[in-house]
Asks: 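One structure follows; several queries about it will come next.
Counting starts at 1 for both ligands and their atoms, following the listed order.
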Amino acid sequence: MQTEHTVLLVTLDPSVRAAVSAALGADPDYRLIVLDSPKGAAQRLNEVQAHLIVCDADLIQDSADNVLIDARISHPHVGRILVGAPGDADRCADLARRAAVYLYTLKPVQQDLIRLVAKRALELSELSRRHRVLSRELKISMDDDIFSEANEFSVKGGWSQFEKLVYVSAKMADLSVEAKQAAGTELPVLIQGETGTGKELLARAIHYNSNRMNSPMHVQNCGGVSDETLHSELFGHVRGAFTGAIADRLGLFRAADGGTVFLDEISEISPSFQVSLLRFLQEGEVKPLGSDVLQHADVRIIAASNRPLRELVEKGAFRRDLYYRLKGFELHIPALRDRPEDIPALTQFFIEKYAGVVGRRVVGITQDALAKLEAYDYPGNVRELETEIRRMVAIAEQGGYIAARHLSSVFAHVRARSDDAIELPADCGNLKEMVEALEKRVVSSSLQRNHWNQSRAAEELGLSRVGLANKIKRYGLQDA
Ligand SMILES: Nc1ncnc2c1ncn2[C@@H]1O[C@H](COP(=O)(O)OP(=O)(O)OP(=O)(O)O)[C@@H](O)[C@H]1O
Ligand SMILES: [Mg+2]
């Protein structure tokens with residue numbers, strides 16, 4: 001946690017300067033920056049991460065000078081204090097009201113009061129920052145995974161966990177080590193993997209293991225979003241920048257200042273937005289739509305894609321320089337079918353999770369049901385397994401086992417792996433007949449595994465689609 005707080009003091013009055021310096025200047029918790037004009041202060045606000053601004057009302061002649069009003073909109077989490085001359089009390093009260101300052105005080109400035117008020121104003125801005133982080137986090141978890149709270153489970157099974165990621169496989173263990181290393185750096189991270197493999201979960205795990213854990217992680221899905229929307233979501237906009245822009249918008253990059261922005265489906269951004277993002281990654285500066293003021297944002301980018309970016313780069317569909325920028329660390333989450341040893345652990349984990357949620361006591365899962373779950377190829381990866389278990393838990397009998405009869409229809413054709421072991425026909429016949437019998441078994445089992453998706457089965461078998469169709473016809477195979 002950062003302990004030093006940056007205070008901007010805007011005054012030309014030596015007595016105010018002396019009092020505030022005496023109150024805060026010697027305290028190592030504060031870094032005092034003294035400025036002689038509201039304009040200078042407005043500029044400084046964009047350059048440093050300030051926590052408090054103390055402004056002398058004498059320097060505010062008109063609304064253009066009122067840095068406190070501007071700060072209220074552009075830097076809502078910076079505490080604001082106004083100092084005024086006693087003869088000017090009415091105007092000060094009015095200024096204070098318009099800028100919603102934490103406090104206004106009249107000269108001569110009391111050191112004790114400044115010290116106390118500075119402390120309270122900082123506490124308030126910290127509380128409002130935490131409130132922002134939590135509301136945002138809550139909203140995300142409510143949208144994405146309403147049961148995430150149920151993860152307060154006791155780990156009974158022999159599985160490992162990296163934050164909310166559950167695994168036993170060596171592949172996932174290696175990946176977690178790499179992800180922890182990535183978390184310890186400030187480099188951008190690119191997470192690739194098929195849909196439902198846990199890319200967002202991994203991004204959160206990285207954020208919560210990084211130095212940025214006390215600041216927010218904001219999520220932006222880049223798929224199916226127009227450039228203009230994406231620009232205003234990420235970089236912000238000023239009022240009137242486009243039809244419907246009725247108020248200033250901060251943008252996620254600045255809202256997540258000090259934290260992380262997770263850009264999902266990064267492969268989908270347009271060539272022109274690729275340029276904007278590259279510029280941001282290079283300069284760390286954002287220019288809201290409709291504004292020509294550059295502002296600084298200190299965020300770490302974690303991007304995810306379920307389309308292989310390298311291939312898109314080779315095809316010229318994604319900028320190579322942006323790809324290299326994004327992949328400070330490149331993490332690949334393997335598909336669930338490539339780490340079947342995770343299936344029993346995940347199954348157990350999800351049973352506990354959803355049994356807790358729906359208040360149902362489930363004793364466990366039968367061997368044959370688990371064997372079927374293990375043999376399936378999960379095009380939807382962990383999400384698909386999770387949905388299946390959630391459904392099964394809901395329909396299982398109270399106090400009973402989850403059994404094969406609770407499985408949904410996609411599992412009907414799945415044959416447990418042990419059934420797949422191909423035996424030679426007993427009445428052997430000649431070599432040609434044996435080979436054909438074997439071929440029929442191999443082709444049929446591949447078709448079942450792929451739910452009769454002939455393109456996928458053909459690919460798996462190394463056949464052309466026509467070649468596969470011929471074999472289906474020859475052996476009279478049918479979808480059961
Ligand atoms: N290893 C895991 N342990 C526990 N839950 C997991 C794991 N992997 C994925 N999940 C769960 O699977 C679901 C999908 O995960 P997530 O949204 O992170 O996937 P994704 O790769 O971002 O998917 P998409 O590409 O479709 O956006 C979530 O409900 C998540 O909690
Ligand atoms: Mg996702």
Side-chain angles (χ1 to χ4, degrees), residues 137 139-180 189-209 217-225 260-269 301-309 312 330-357 373-374 376 378-393:
E137 282 289 304
K139 180 170 173 290
I140 287 164
S141 55
M142 300 288 283
D143 287 345
D144 289 358
D145 180 6
I146 59 169
F147 299 122
S148 61
E149 285 307 303
N151 270 342
E152 298 298 323
F153 64 102
S154 63
V155 181
K156 292 190 214 131
W159 62 69
S160 308
Q161 233 175 310
F162 177 38
E163 294 290 324
K164 290 185 178 176
L165 283 166
V166 169
Y167 60 90
V168 294
S169 63
K171 284 181 181 154
M172 289 299 286
D174 291 349
L175 180 68
S176 301
V177 170
E178 244 185 295
K180 273 182 203 156
V189 182
L190 176 62
I191 304 176
Q192 308 220 55
E194 289 182 12
T195 177
T197 45
K199 295 184 293 295
E200 183 161 347
L201 226 49
L202 183 64
R204 286 185 189 280
I206 293 172
H207 172 71
Y208 287 113
N209 276 267
M217 172 173 128
H218 291 326
V219 178
Q220 177 64 45
N221 194 321
C222 305
V225 185
T260 304
V261 169
F262 175 58
L263 299 176
D264 206 356
E265 295 193 47
I266 190 76
S267 57
E268 304 308 301
I269 61 175
I301 301 291
I302 303 183
S305 167
N306 47 31
R307 298 171 65 199
L309 275 198
L312 296 178
E330 193 170 14
L331 303 176
H332 185 263
I333 313 189
L336 187 55
R337 79 186 76 82
D338 295 332
R339 47 181 167 108
E341 56 284 29
D342 282 341
I343 295 172
L346 285 165
T347 299
Q348 191 57 35
F349 170 73
F350 290 135
I351 289 177
E352 286 180 22
K353 172 173 171 179
Y354 289 108
V357 168
L373 285 175
E374 286 182 278
Y376 182 60
Y378 298 98
N381 290 290
V382 184
R383 182 183 289 112
E384 190 177 6
L385 174 64
E386 179 170 9
T387 311
E388 182 66 19
I389 306 285
R390 182 175 175 179
R391 206 187 56 80
M392 289 201 291
V393 168

Asks: What atoms of ligand 1 come closer than 4.0 angstrom to any heavy atom of Lys164?
Replies: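 So the answer, numbered in order with elements, is 3 (N), 4 (C).
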
Asks: Is a side-chain donor or acceptor of Tyr378 paired with a backbone partner of Leu373 at a separation under 3.5 angstrom?
Replies: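 Indeed, once roles are kept as given, a pair shorter than 3.5 Å links the two residues.
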
Asks: Between Glu200 and Lys164, does any NZ, NE, NH1 or NH2 come within less than 4.0 Å of an OD or OE carboxylate oxygen?
Replies: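 So Lys164 does not pair with Glu200 through a salt bridge.
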
Asks: Quick one: does Asn381's side chain have a donor or acceptor within less than 3.5 Å of a partner on Leu336's backbone?
Replies: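 The answer is yes, because a donor-acceptor pair under 3.5 Å joins these two groups.
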
Asks: May I ask you to decide if Pro334's main-chain N or O and Arg339's side chain share a donor-acceptor pair within less than 3.5 Å?
Replies: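 A pair under 3.5 Å: yes.
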
Asks: Is there at least one pair of N or O atoms, one from Lys353 and one from ligand 1, spaced under 3.5 Å apart?
Replies: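 No, there is no polar N/O contact under 3.5 Å.
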
Asks: Answer with side chain, backbone, both or neither: which part of Phe162 has a heavy atom less than 4.0 angstrom from an atom of ligand 1?
Replies: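 None of Phe162 does.
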
Asks: Taking only heavy atoms of Asn306, which atoms of ligand 1 are found under 4.0 Å from at least one of them?
Replies: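 Those atoms are 25 (O).
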
Asks: Looking only at heavy atoms, is any part of Glu386 under 4.0 Å from ligand 1, and if so is it the side chain, the backbone, or both, or is it neither?
Replies: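 Looking at Glu386 and ligand 1, just side chain atoms fall under 4.0 Å.
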
Asks: List ligand 1 atoms under 4.0 Å from Leu346, heavy atoms only on the residue side.
Replies: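 Counting from 1, the qualifying ligand atoms are 2 (C), 3 (N), 4 (C).
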
Asks: Side-chain contact test, heavy atoms from C-beta onward, threshold under 4.5 Å: evaluate it for Ile389 versus Glu386 and give yes or no.
Replies: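 No, side chains not in contact.
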
Asks: Given Ala345, Ser160, Gly198, Ala203, which one has a non-hydrogen atom that is nearest to atom 19 (O) of ligand 1?
Replies: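 Among Ala345, Ser160, Gly198, Ala203, the closest heavy atom to atom 19 (O) of ligand 1 comes from Gly198.
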
Asks: Check contact between Gly196 and ligand 1, using heavy atoms of the residue and a distance below 4.0 angstrom.
Replies: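 Flag set, Gly196 near ligand 1.
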
Asks: Any sub-3.5 Å donor-acceptor pair from Asn221's side-chain atoms to Gly223's backbone N or O?
Replies: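 Side chain of Asn221 to backbone of Gly223: a pair is present.
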
Asks: List ligand 1 atoms under 4.0 Å from Glu200, heavy atoms only on the residue side.
Replies: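 With Glu200 as reference, the close atoms of ligand 1 come out as 18 (O), 22 (O).
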
Asks: Under a 4.0 angstrom heavy-atom cut-off, which atoms of ligand 1 come close to Thr195?
Replies: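 The atoms of ligand 1 under 4.0 Å from a heavy atom of Thr195 are 24 (P), 25 (O), 26 (O).
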
Asks: Could you tell me whether the side chain of Ile302 reaches within less than 4.5 Å of the side chain of Leu263, counting heavy atoms only?
Replies: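 No, too far: nothing below the 4.5 Å cut-off.
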
Asks: Does a salt bridge link Lys171 with Glu341, judged by any charged N lying under 4.0 Å from a carboxylate O?
Replies: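 Looking at Lys171 and Glu341, the cut-off is not met.
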
Asks: Could you pull out, from Leu336, Leu201, Asn381, the option with a heavy atom nearest to atom 5 (N) of ligand 1?
Replies: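 Among Leu336, Leu201, Asn381, the closest heavy atom to atom 5 (N) of ligand 1 comes from Leu201.
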
Asks: Counting both backbone and side chain atoms, is some N or O of Arg339 under 3.5 Å from an N or O of ligand 1?
Replies: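 Among all N and O atoms of Arg339, none is under 3.5 Å from an N or O of ligand 1.
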
Asks: Would you check if the side chain of Gln192 reaches a backbone N or O of Leu309 as a donor-acceptor pair within less than 3.5 Å?
Replies: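 Between the backbone of Leu309 and the side chain of Gln192 there is a qualifying donor-acceptor contact (under 3.5 Å).
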
Asks: Does an N or O from Val166, backbone or side chain, lie closer than 3.5 Å to an N or O of ligand 1?
Replies: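 The answer is yes, given that Val166 and ligand 1 share an N or O pair closer than 3.5 Å.
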
